[in-house]
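Notes follow the structure.
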Amino acid sequence: MEVLEAIKTRRSIRRYKTTPVDDKTLEQVLEAARWAPSWANTQCWSFVVVRNSNIKDELASTLSAVNPATDAIRIAPVVIVACAKLKKSGCSRREPVTDKGDSWYMFDVALAMQNLTLAAHSLGLGTVHVGAFNAEKVASILEVSEGFCVVEMTPLGYPDQESRLTPRKELSEIAFREKFGNRMKGG
Ligand SMILES: Cc1cc2nc3c(=O)[nH]c(=O)nc-3n(C[C@H](O)[C@H](O)[C@H](O)COP(=O)(O)O)c2cc1C
């Protein structure tokens, strides 16, 4: 699938078939994440691939009470949990070098996960970025090492729903010419 088409047609998928995802396909998806850019190429990310039903149930129990992705975490054949090593991204000798502190790991992991979701979509698989959960509980369930934190997770599997178009702001609202606030088009 061509990249612009993948960007425009990817949608969050929250209903999944139980059809397994084979290892080769999974590797292609992870490979896309691996090639994401990152702060000074520090590649702070790591990914925990969960297929075990009991662990998926435990992960689902960490989602916020009304999170619409809870059943997806339980039912999809695979859940990928993205973690980050702290004090790498945005840092020099473990000290932050910008006004964003050491939070650049969020940015790097997002780039990797967006690569992953687009690659998954191009292979006919669904995903949904899931951020509203108790990350400390997930770290404990997955025995994530000290110095790392859990950033997001996504179910991965074959969609059991038509994707729904979600609206976006018009370019005229978000893109400016030369100075912030100078509209590109219209008013
Ligand atoms: C950082 C981030 C966190 C998100 N967390 C959740 C979540 O916890 N549960 C959920 O169902 N969707 C979550 N989403 C999915 C968004 O709701 C979705 O991407 C947005 O509504 C646009 O829809 P689309 O992905 O179909 O284009 C999250 C998306 C992002 C980027």
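Ligands are counted one by one from 1 in listed order, and the atoms in each one are counted from 1 as well. Atom set for the values below is all heavy atoms of this structure, side chains included, hydrogens, waters and symmetry mates excluded.
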Looking at K85 and D108, is there a salt bridge between them, counting it only when a charged N and a carboxylate O are closer than 4.0 Å? no
Location of contacts on [X] toward ligand 1, heavy atoms closer than 4.0 Å:
{"X": "N67", "result": "side chain"}
{"X": "V128", "result": "side chain"}
{"X": "M113", "result": "neither"}

Would you say the side chain of C149 lies within less than 4.5 Å of the side chain of Y105, judging by non-hydrogen atoms? yes
State, with a plain yes or no, whether a side-chain heavy atom of M113 is found less than 4.5 Å away from one of T154. yes
Quick one: does [X]'s side chain have a donor or acceptor within less than 3.5 Å of a partner on [Y]'s backbone?
{"X": "Q43", "Y": "N41", "result": "yes"}
{"X": "D160", "Y": "R15", "result": "no"}
{"X": "T98", "Y": "K100", "result": "yes"}
{"X": "R11", "Y": "K8", "result": "yes"}
{"X": "K56", "Y": "A76", "result": "yes"}
{"X": "E152", "Y": "G131", "result": "no"}

Would you say [X] has any N or O atom under 3.5 Å from an N or O of ligand 1, going by distance alone?
{"X": "G131", "value": "yes"}
{"X": "S12", "value": "yes"}
{"X": "A132", "value": "yes"}

Distance from [atom] to nearest protein heavy atom, with residue and atom:
{"atom": "atom 17 (O) of ligand 1", "result": "R14 NH2, 3.4 Å"}
{"atom": "atom 23 (O) of ligand 1", "result": "T166 OG1, 3.4 Å"}
{"atom": "atom 2 (C) of ligand 1", "result": "H129 CB, 4.2 Å"}

Sub-4.0 Å protein heavy atom near atom 6 (C) of ligand 1: yes
Distance below 4.0 Å between atom 26 (O) of ligand 1 and any protein heavy atom? yes
Does ligand 1 have an atom under 4.0 Å from some heavy atom of M153? no
Does at least one non-hydrogen atom of R10 fall below 4.0 angstrom from an atom of ligand 1? yes
Please determine which of I80, T117, V49 meets the side chain to side chain contact (heavy atoms under 4.5 Å, CB included) test together with L156. I80
Output the list of atoms in ligand 1 that are nearer than 4.0 Å to some heavy atom of P68, sorted by atom number. 11 (O)
With heavy-atom distances below 4.0 Å as the criterion, list the atoms of ligand 1 near R11. 24 (P), 26 (O), 27 (O)
